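Everything numeric in this text was worked out from a predicted model, so none of it was measured.
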Amino acid sequence: MTHDHKKNNSPLSQGEDRSGTVITGAEVLMRSLQHQGVSTIFGYPGGSIMPVFDVLYDYRKSLNHILVRHEQGAAHAAQGFARVSGQVGVCLVTSGPGATNTVTGIADAMIDSTPIVIIAGQVGTNFLGTDAFQEVDLVGITQPITKWSYQIRRAEDVAWAVARAFYIAKSGRPGPVVLDFAKNAQLEKTEYIPTKVDYVRSYLPAPEMNPEAIQQAADLINNAERPLVLVGQGVELGNAQQELCTFIEKAEMPVGCTLLGLSALPTEHPLNKGMLGMHGNLGPNVNTNNCDVLIAVGMRFDDRVTGKLATYAKQAKIIHFDIDPAEIDKNVKVDIAVLGDCKETLAAITKLLKAAKHEEWLESFLPYEQEEEEKVIRPELHPTSSVLSMGEVVRAVSEATNHEAILVNDVGQNQMMSARYFKYSKKRSIVTSGGLGTMGFALPAAIGATFGCPDRMVCVFMGDGGFQMSLQELGTIMEQKSPVKMIILNNNFLGNVRQWQAMFFDHRYSFTPMMNPDYMKIASAYDIPARRAVTREDLKKAIEDMVTTDGPFLLEACVDEESNVLPMTPPGGSVNQMLLEC
């Protein structure tokens, strides 16, 4: 969502009390951030944002600035912070390349609905349009990938812009906001008035609940014989985990979770049938095409979940709970749209549900679970080879943390394996790049997670490829002593691409084998304790050391080089045509 700044939206034209201390726009920013409850900022200084960093020097006790080693890391760290805390993550960077380095993180936050505010320096307004040193049209670049992107040109607009940015970022369907902060506005002086924004014309964060739709959905569920609930990240974003439990338990409905929604329901909940999607569990995927009522809650029918749309759940009546009207009928045509905050809509519909039992329907999942256990899970967790498997490493780490840790993962085989074999007992326990699939996301996101939820252990799984895209952030971990537990699943390949090459490109491994450095030496250079695990005895000892070590730890697990993630829905295939072997 993008808006131009209109004078009648400015505090100056709303008759506000202008009495107050006269300070620079840079200091107004500091006070405005404090007014929003911000305590942690991830950033990197530079010329066009230097006045802000100069003022930040005096606010170090109340605004904890984390110096990352690359601006993309700042954006991902802010994402990790936001995802585990439920608060808005904040980045502070300079203009030009400093700002453009955050673009991948902004796009990632947009597609995964993560509330972050990027504050970037900009050249002075008298230099705009002159191709001045490190000038770039950040607003133009980021408008398609933000909820709001705005250039602050006057110091008197800073407090208003910050208040509006935070309101937009965290309200409704969350997402990223960019503030492009001209240097002259940082230096000019103005009176600071604490500003609150809780309304923006033309912006409706959460549609009003429609009682008729609620009743229609309840009637459909009450008459269902084979209902299936699909749970997405919207349940986590709406803090509706308890409402979800009450909803599914009253009508005894099985649940499948999207990748980002995995921790919305504890893994061991008896109605939780596992993960949806291309590498999800067999039961919920196959039964998507067997259910009679499909109930999607806070998910967007991503192509990795639906597979071939022409054959997706054609037998079912579909109910879609979502806060964003744009998601309705976007990919899958639905019969009933339940718009609104799912914390409210789930509670409202639960009151209208009849207590029900679906024993026969629930039992239909058992053959699929047994087949997957026999053909996929047991061989992965208990391999006959002496070489470590990715799944057994993940499960061993999960068990060592009593299934209470936060999982952060990168993109590729490590992502799918860790999502599948990690277990979740607490909410907001998975941080991953879902929609954009950003390699290099995990390490900085894990750093942010340790600041967003400092009382929980953070375990980050990475492939050898993704780790090397952001390993400079080991410097941030070293400086901050951030207690990130890093696990590299090292198969000396770009594993996910290699799997596709093996399955669909006749084993032509075009530029996927990787020559890797000595990760133990790299960890030593950053003064981070580390162990390499080749055998199961190595693994057991390394995990013991990792979970008992205060502060960061790096574990390199040398795993089977050519193992594949299964099950798998082949590209263009239907959800009920999953491959269990290849």
Side-chain angles (χ1 to χ4, degrees), residues 2 4-5 24-30 32-33 41-59 63 65-79 89-110 116-146 148-158 161-162 165 169 176-190 438 440 444 469-470 472-473 475-476 479:
T2 58
D4 292 325
H5 178 43
T24 65
E27 187 161 4
V28 171
L29 174 64
M30 296 297 103
S32 298
L33 292 175
I41 302 170
F42 303 92
Y44 204 98
S48 290
I49 198 68
M50 204 172 294
V52 171
F53 271 88
D54 183 63
V55 173
L56 180 58
Y57 190 83
D58 295 325
Y59 282 77
L63 290 171
H65 177 269
I66 310 304
L67 177 65
V68 297
R69 298 307 189 258
H70 191 283
E71 290 91 351
Q72 183 175 339
H76 293 326
Q79 288 178 271
V90 180
C91 294
L92 186 62
V93 298
T94 195
S95 64
T100 57
N101 280 343
T102 67
V103 168
T104 297
I106 295 168
D108 196 290
M110 186 65 177
I116 61 173
V117 171
I118 307 286
I119 302 162
Q122 181 57 280
V123 301
T125 53
N126 57 319
F127 288 107
L128 289 172
T130 69
D131 290 333
F133 179 66
Q134 293 192 331
E135 179 195 0
V136 71
D137 181 5
L138 186 62
V139 171
I141 290 170
T142 59
Q143 276 185 344
I145 53 171
T146 54
W148 186 48
S149 189
Y150 176 73
Q151 188 173 79
I152 303 173
R153 299 187 178 192
R154 306 183 303 178
E156 60 203 59
D157 294 334
V158 174
V162 171
V177 169
V178 165
L179 293 178
D180 192 37
F181 198 0
K183 196 168 185 177
N184 61 286
Q186 300 171 39
L187 295 167
E188 292 167 1
K189 291 192 174 183
T190 188
T438 305
M469 285 194 174
S470 56
Q472 74 278 351
E473 297 307 332
T476 308
E479 182 173 349

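In this structure a side-chain-to-backbone donor-acceptor pair under 3.5 Å is present from S95 to Q134. Side chain of S48 to main chain of T94: no donor-acceptor pair is present (N/O by atom type, distance under 3.5 Å, no hydrogens or angles). Panel note: side chain T102, backbone G105; no donor-acceptor pair is recorded below 3.5 Å. In this structure, E135 contributes its side chain and D131 its backbone to a donor-acceptor pair below 3.5 Å. Judged by distance alone, with hydrogens and angles left aside, the side-chain atoms of D54 form no donor-acceptor pair with the main-chain N or O of M50 at under 3.5 Å. In this structure a side-chain-to-backbone donor-acceptor pair under 3.5 Å is missing from R69 to Q472. For the pair E473 (side chain) and H70 (backbone), a donor-acceptor distance under 3.5 Å is present. In terms of modelled atom types and a separation under 3.5 Å, the side chain of Q186 and the main chain of A155 share no donor-acceptor contact.
Crowding of Y59 atom OH: a count of heavy atoms from other residues, nucleotides or ligands under 6.0 Å exceeding 12.
Within the 4.5 Å cutoff, no side-chain heavy atoms of Q72 are placed close to those of V103. Here the side chains of M30 and D58 are not in contact, with every heavy-atom distance at 4.5 Å or above. At a threshold of 4.5 Å between non-hydrogen side-chain atoms, the residues I119 and L92 count as touching. A heavy-atom distance below 4.5 Å is found between the side chains of H65 and L67. Using a 4.5 Å cut-off on side-chain heavy atoms (C-beta onward), N101 and V93 make no contact.
Minimum interatomic distance between A75 and I118 (heavy atoms only, all atoms of both residues): CB-CD1, 4.4 Å. Across every non-hydrogen atom of G25 and V158, the tightest pair is O-CG1, 3.9 Å. Between S470 and P444, the shortest heavy-atom contact is OG-CD, 3.7 Å. Minimum heavy-atom separation, V123 to F133: CG1-O, 3.6 Å. Minimum interatomic distance between P144 and I141 (heavy atoms only, all atoms of both residues): CD-O, 3.5 Å. When every heavy atom of Q122 is checked against every heavy atom of L128, the shortest pair comes out as CG-CD2, 3.9 Å.
Distance CD1/I106 to SG/C91: 8.0 Å, rounded to 0.5 Å. Considering CG of D157 and OH of Y150, their distance stands at 4.5 Å, rounded to 0.5 Å.
Residue I152 forms a side-chain contact (heavy atoms from CB on, under 4.5 Å) with just one option from L29, L179, T125, V28, and that option is L179.
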